[in-house]
Amino acid sequence: MSPTSPATAEAEALTSQAVPAAATEEVVVLDYGGQYSQLIARRVRECGVFSELLPHHVGAAEVARRRPKGVILSGGPASVYADGAPRLEREVLELGIPVLGICYGMQLLARELGGRVEGAEVGEFGRSQLTVRDSGRLLAGTPSEQTCWMSHRDTVFEPPPGFTALAASTASPVAAFESHAREVYGIQFHPEVIHTPYGNQVLTNFLADVCGCERSWSPRSVIDEQIDRIRAQVGDGRAICGLSGGVDSSVAALLVHRAIGDRLTCVFVDHGLMRKNEGAQVIAAFRDHFRVPLVAVDASERFLGRLRGVSDPEEKRKRIGAEFIRVFEEEAAKLEDVAYLVQGTLYSDVIESGGGTGAATIKSHHNVGGLPENVGFDLVEPLRALFKDEVRAVGAELGLPERLVWRQPFPGPGLAIRIVGGEATRERLETLREADAILQDEIRKAGLYRELWQSFCVLPDVRTVGVQGDTRTYGNVIVIRAVTSDDAMTADWARLPYDLLEQIASRMINEIRPVGRVVLDITSKPPGTIEWE
Ligand code: XMP
């Protein structure tokens, strides 16, 4: 593949700033479209080795440029015999770097190197029993009988010549193979999912014993590395960072502050659409505790003014987004010589925006309430190489309060898009904010906060009849929405305990005068979305 090909440009775009300094050891995961590809990269990192996910077609030269200690070929939905099925570039096997194929990746290796892969009569999906005949290097230290997680129809029936078949399962005559001499390894099962109890051991065998990785990637090393990098980029310049109170912008700001000290100024725009006490917590953490120069702007009047009479959700988003940029730019203009803008872009954003049209569209929609890319500053993006859980680990290492480290995602337009079908007035915001505070309080007390992807309240613009004491009431409805999810693309409604729900509902009705009824949303995504607007 030529150096100027679109795939190479894509890989460069994906990794510019993502790759740590050359000294950092790295393992490349080539993505064949499997649902667990990102998880493989995350697991490798959990084993202490930096790992990057690249599209499978980037080419051997691109892989070699990173001088990885190992290459992992991910699973994927195709059959190796299908027309147009993604291929393995032969040169990848000639780089002299150990290769591990997982599922589809193993089948590609088998086919390329002269083994026999065929469609089996029955597929193998879910838990399976693995019998190890020869543990070799790859399965060393794991028992001869073990469970593993499978998800395939095609199966390797014979390993390539010169390879040892290590294990079999009910539907996979060759469920693992290796050639120590060629440094090529394959497993049909998924070591990256938790249902494979010895998966971590298998990955560690590959990373440590086969590739000789030193396991030096950790939140501590990320911090040191990024501080050097930020200093090199910003020099003696000045930077600005928009703090939202979310974990991404908070960790990005702290890292940059560690690197350049008071040459960073944070701007926190309180648009009046935050949850209870959120603004105060951000100010207490950054200004009072970390002593980061912080401009906190109370712009709630401005935002509420812009939202007057607006009930259409997209119009709300547009107006809030535009107003946010206006306020931020006004504050930025008051600071002198600022050339850099700090943003909390994550590795998953980087992968998504390079990884497909659908993902990119979803992102732009959800970016409402953020800043456009061309605001006239150079971007500093210290989290570009990190997954969300790594950002949390770095945040904890930097001393960020637990509440900010584990904060659930919160939309940029805030509570305004949770007042559904009507205007976000001050009174309604107050009702919603109080209801939300009760919900969070009870969920935290029940120890469920971290288990939920998001938990929040919605206030529809309707009133319903009730009776309190001997009086007829005509009050607001509060909807409880709580979901579990891995990435917000799909979500399931959380099965909160009945007693907890009762406690939440009765507190809302007793403590918040306008609330007359509480209901629970039991819609998953799809078909619903997480938010109501
Ligand atoms: P939906 O409602 O589409 O939401 O299932 C998926 C995730 O995106 C968040 N979300 C937003 N985030 N600005 C944001 O910054 C927005 O306008 C916005 N709308 C939805 C939502 O909270 C969930 O985490």
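Whatever order the structure lists ligands and atoms in, that order sets their numbers, starting from 1.
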Out of Glu531, Arg418, Arg317, the nearest non-hydrogen contact to atom 19 (N) of ligand 1 is supplied by Arg317
Row check, Trp406 ring normal vs Arg403 NZ/CZ: under 6.0 Å, within 45° | no
Sort out for me which residue in Glu434, Glu430, Arg507 forms a side chain to side chain contact (heavy atoms under 4.5 Å, CB included) with Ile512.
-> Glu434
Residue Lys525 vicinity, atoms of ligand 1 by number, heavy atom under 4.0 Å = 1 (P), 3 (O), 5 (O), 6 (C)
Is NZ or CZ of Arg418 both nearer than 6.0 Å to the six-membered ring centre of Phe456 and within 45° of the ring axis?
-> yes
Donor-acceptor pairs under 3.5 angstrom involving side-chain atoms of residues 254-266: please list them, not counting sequence neighbours.
| unit_1 | atom_1 | unit_2 | atom_2 | d |
| --- | --- | --- | --- | --- |
| His257 | NE2 | Asp262 | OD1 | 3.2 |
| Arg263 | NH1 | Gly235 | O | 3.0 |
| Arg263 | NH1 | Gly237 | O | 2.8 |

Between Phe324 and Phe328, how do the two ring planes meet: parallel, tilted or perpendicular, split at 30° and 60°?
-> parallel
Flag Ala488 as yes when one of its N or O atoms lies below 3.5 Å from any N or O atom of ligand 1, and as no otherwise.
-> no
Close approach, Trp532 and ligand 1, non-hydrogen under 4.0 angstrom = no
Which atoms of ligand 1 sit under 4.0 Å from any heavy atom of Trp453?
-> 24 (O)
Judging by distance only, is a nitrogen or oxygen of Pro411 under 3.5 angstrom from one on ligand 1?
-> no
Applying ring-ring contact (aromatic ring centres under 6.0 Å, His included) to Tyr104 and not counting sequence neighbours gives Tyr32
If you count the atoms of ligand 1 from 1 in the order shown, which ones are under 4.0 Å from a heavy atom of Gly412?
-> 13 (N), 14 (C), 15 (O)
